[in-house]
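Here is the structure we will look at, set down as structure tokens.
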Amino acid sequence: MRNFAPFDERLSVWTADTMKTLFGLGESDIKLGVSPTNNEKFGDYQCNAAMELTKVLKKAPRQIAQEFIDAAKRPDFVEKIDIAGPGFINFTLSNTALAEHIQSLESDPYLGVEQVGQGQTVIIDYSSPNVAKPMHIGHIRSTVIGNAIDRLYRFLGYKVIADNHLGDWGTQFGLMMVGFRSFVDEEALAKAPVEELERVYVASYNQSKEDPSWREKAKSELVKLQQGDPENRALWERFIKLSIEEFNTIYDRLDVKFDLYRGESFYNDRLPKIIQSLENKGLATESDGALIVDLEEEGMPVCIVRKSDGGYNYATTDLATVEARIEEFSPERIVYVTDERQQLHFKQFFTIAKKLGMKANLVHVWFGLMRLPEATFSTREGNVIKLAALLDEAEVRSLEMVKSSSPDMPEEQQKDLARAIGIGAIKYTDLSQNPQSLVTFTWEKALNMEGNSGPYLQYAYARISSVSDKYATKYPDTHLDQYPITIEHELERRIAIKISRFPVAIRAAAENYRPNILADYLYDLAQIYSSFYQNVPFLKADEGIRESRIRLCRSTAAVLRQGLNLLGIETPERI
RNA sequence: GCCCCGGUAGCUCAGCUGGAUAGAGCAACGGACUUCUAAUCCGUAGGUCACAGGUUCGAAUCCUGUCCGGGGCACCA
């Protein structure tokens with residue numbers, strides 16, 4: 001085990017080993033490890049095994065706990081062990097061990113987090129908007145949650161391939177072609193390309209409803225595109241290029257980067273082969289002219305892999321995509337981040353992929369739909385809020401605050417700061433909720449800058465940074481490492497404990513694909529720190545205590561900076 | 001009809017792989033800026049964890065049923 005192993009791990013291994021030996025236990029479901037206490041008065045960690053062991057050992061829980069304590073040789077990082085309530089075994093860490101642990105983390109760029117992903121590749125498929133449709137607030141979840149998962153896995157040592165699987169193929173392009181040639185306004189296209197493309201699409205769609213010949217024309221243009229007609233191909237490529245350019249301005253603002261932009265069309269050539277293997281394995285059957293895979297045994301409805309008109313479905317494209325990804329990257333895992341409506345689709349196509357013998361763990365991370373207080377929003381209802389507008393508003397609002405709180409700051413810097421804060425606020429709102437819960441969008445919540453919010457965390461960080469710099473200016477010749485960290489004050493202790501639990505939060509957030517676990521953790525840490533900051537002097541403390549506290553501050557800052565970075569939230573040095 | 005989610009303080013949400021008195025933020029009320037940044041801190045008040053059963057030493061958490069809300073269920077993705 002590494003030096004920096006979190007106390008939870010070390011304690012759990014120890015309690016489990018000790019109990020197994022002492023009581024002659026074999027493997028069982030009973031959890032012999034420890035978990036954090038939910039109240040400080042019970043110590044730092046608790047083990048609940050004694051209560052569960054009564055069945056096996058036929059002894060009273062408190063007696064079991066007592067026997068454990070009597071027999072166990074307590075590790076040196078544990079200050080005291082006691083029994084409480086019906087048989088809880090509570091552990092209190094020694095302040096010295098805590099202090100040493102925090103000191104040892106100062107030189108660890110990973111802050112105690114183990115590189116569990118070494119040598120493994122993970123593909124994360126997220127954001128994935130449709131070409132020629134503007135991104136609206138519904139897209140922020142896939143983008144921001146996907147990006148946080150991306151960053152978390154990289155931090156754990158995985159080789160991550162972030163793939164933006166654009167919706168760049170489909171029947172809508174027939175309408176786009178004919179619509180574009182008749183309706184496009186080149187000026188508008190230059191100004192807001194995707195908006196104009198969408199307008200063209202809607203106009204063309206409306207025309208098709210009344211005009212059968214228009215519909216026919218669209219169909220034949222689509223066929224021409226699919227057959228590789230150079231002119232249509234060029235136009236289609238232009239749609240994609242314009243869309244990606246515009247998406248990229250949003251990704252830049254959100255500080256989101258992809259390794260690949262491979263749309264659905266990238267896998268077109270492989271589709272017939274997928275159908276072929278489905279047929280070869282006897283998985284596909286004809287039904288009403290379409291080719292389907294029967295999934296009744298798995299308790300799911302049939303999955304269409306080829307339409308009666310010969311066209312392919314997205315299930316087929318997704319299968320081809322997996323196949324191609326395995327050939328090229330041999331990923332240990334492929335993670336898809338989409339909204340909840342696609343659960344059935346992913347279940348179906350994961351099942352088929354398995355039947356085809358595709359070897360990669362396929363994971364669908366889904367999140368609840370974003371809705372407006374009045375109703376679910378939809379393009380049809382016309383109650384769509386554009387993502388760009390949301391980002392603009394965030395920056396405007398935070399700029400106001402920056403101007404009033406830092407009037408002397410140069411304007412460029414104010415703007416830059418406002419951007420970091422505004423975007424941080426939006427990201428944090430999304431990331432701090434359980435992804436699977438249904439989200440009701442309100443401006444107030446999305447742009448919250450007080451209390452449990454992105455700016456609260458950034459503010460805590462900026463305060464540390466400021467204190468830390470003031471210390472350096474005031475005591476330029478002092479070497480902090482000549483003064484040990486000492487833990488005396490209750491708040492110092494709480495901070496140290498919290499910092500030591502960073503790896504647990506990271507692992508839980510990554511393994512469960514739930515960035516909100518990390519967001520919660522960081523908020524707790526910032527809260528404890530803010531209390532510390534407000535109630536305990538640093539610079540005015542006596543020599544020794546002063547340095548110890550500054551070191552604690554800097555450790556807190558390191559965790560906040562790294563943690564927020566993993567959520568994709570910037571940490572300005574001054575706010 | 002079947003399947004998947006959600007229902008926790010006035011509002012927005014954590015907690016859900018069972019543990020000790022259910023937590024935050026906002027809103028309300030009362031305090032703290034000559035002091036390391038008040039986007040802050042300290043305190044008060046606020047709960048039949050939708051409802052009913054069950055499992056358990058112990059249930060917001062697991063199981064069953066009911067009600068309410070969202071989503072999905074063959075040629076859109």
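Just so it is clear, the values below take in all heavy atoms, side chains as well, and ignore hydrogens, waters and symmetry mates. Proteins get letters first, then strands, A, B, ... in listed order; numbering begins at 1 in each. For clarity, every value in this text was computed on a predicted model and none was experimentally measured.
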If I pick the [atom1] atom on [M] and the same atom on [N], what distance separates them, to the nearest angstrom?
N: B:rG23; M: B:rG47; atom1: P; result: 14 Å
N: B:rG54; M: B:rC41; atom1: C1'; result: 47 Å
N: B:rC26; M: B:rG72; atom1: P; result: 35 Å

Between [N] ([atom2]) and [X] ([atom1]): distance, integer Å:
X: A:Phe349; N: B:rC73; atom1: CZ; atom2: C1'; result: 18 Å
X: A:Asn535; N: B:rU35; atom1: CG; atom2: P; result: 16 Å
X: A:His364; N: B:rG72; atom1: NE2; atom2: C1'; result: 12 Å
X: A:Phe441; N: B:rC13; atom1: CZ; atom2: P; result: 12 Å
X: A:Met449; N: B:rC26; atom1: CE; atom2: C1'; result: 15 Å
X: A:Tyr529; N: B:rC36; atom1: OH; atom2: P; result: 13 Å
X: A:Asp430; N: B:rA14; atom1: CG; atom2: C1'; result: 15 Å
X: A:Met51; N: B:rU56; atom1: CE; atom2: C1'; result: 12 Å

Using only side-chain N and O atoms of [X], determine if any of them is under 4.0 Å from OP1 or OP2 of [N].
X: A:Lys470; N: B:rU37; answer: yes
X: A:Tyr461; N: B:rA39; answer: no
X: A:Tyr523; N: B:rA14; answer: no

According to the Watson-Crick and G-U wobble definitions, with both distances under 3.5 Å, which nucleotide is paired to [N]?
N: B:rG19; result: B:rC57
N: B:rC26; result: B:rG10
N: B:rC51; result: B:rG65
N: B:rA38; result: none

Original post:
Is the NZ or CZ atom of A:Arg501 positioned over A:Tyr45's six-membered ring, under 6.0 angstrom from the centre and within 45° of the axis?
Top reply: yes

Original post:
May A:Tyr459 be described as stacking on the base of B:rA39, applying a 5.5 Å centroid limit and a 30° limit on plane angle?
Top reply: no

Original post:
Is A:Phe88 stacked on the base of B:rA20, with ring centres under 5.5 Å apart and planes under 30° apart?
Top reply: yes

**OP:** Measure from the side-chain heavy atoms of A:Arg463 and tell me the nearest of B:rU37, B:rC36, B:rG19.
**Re:** B:rU37

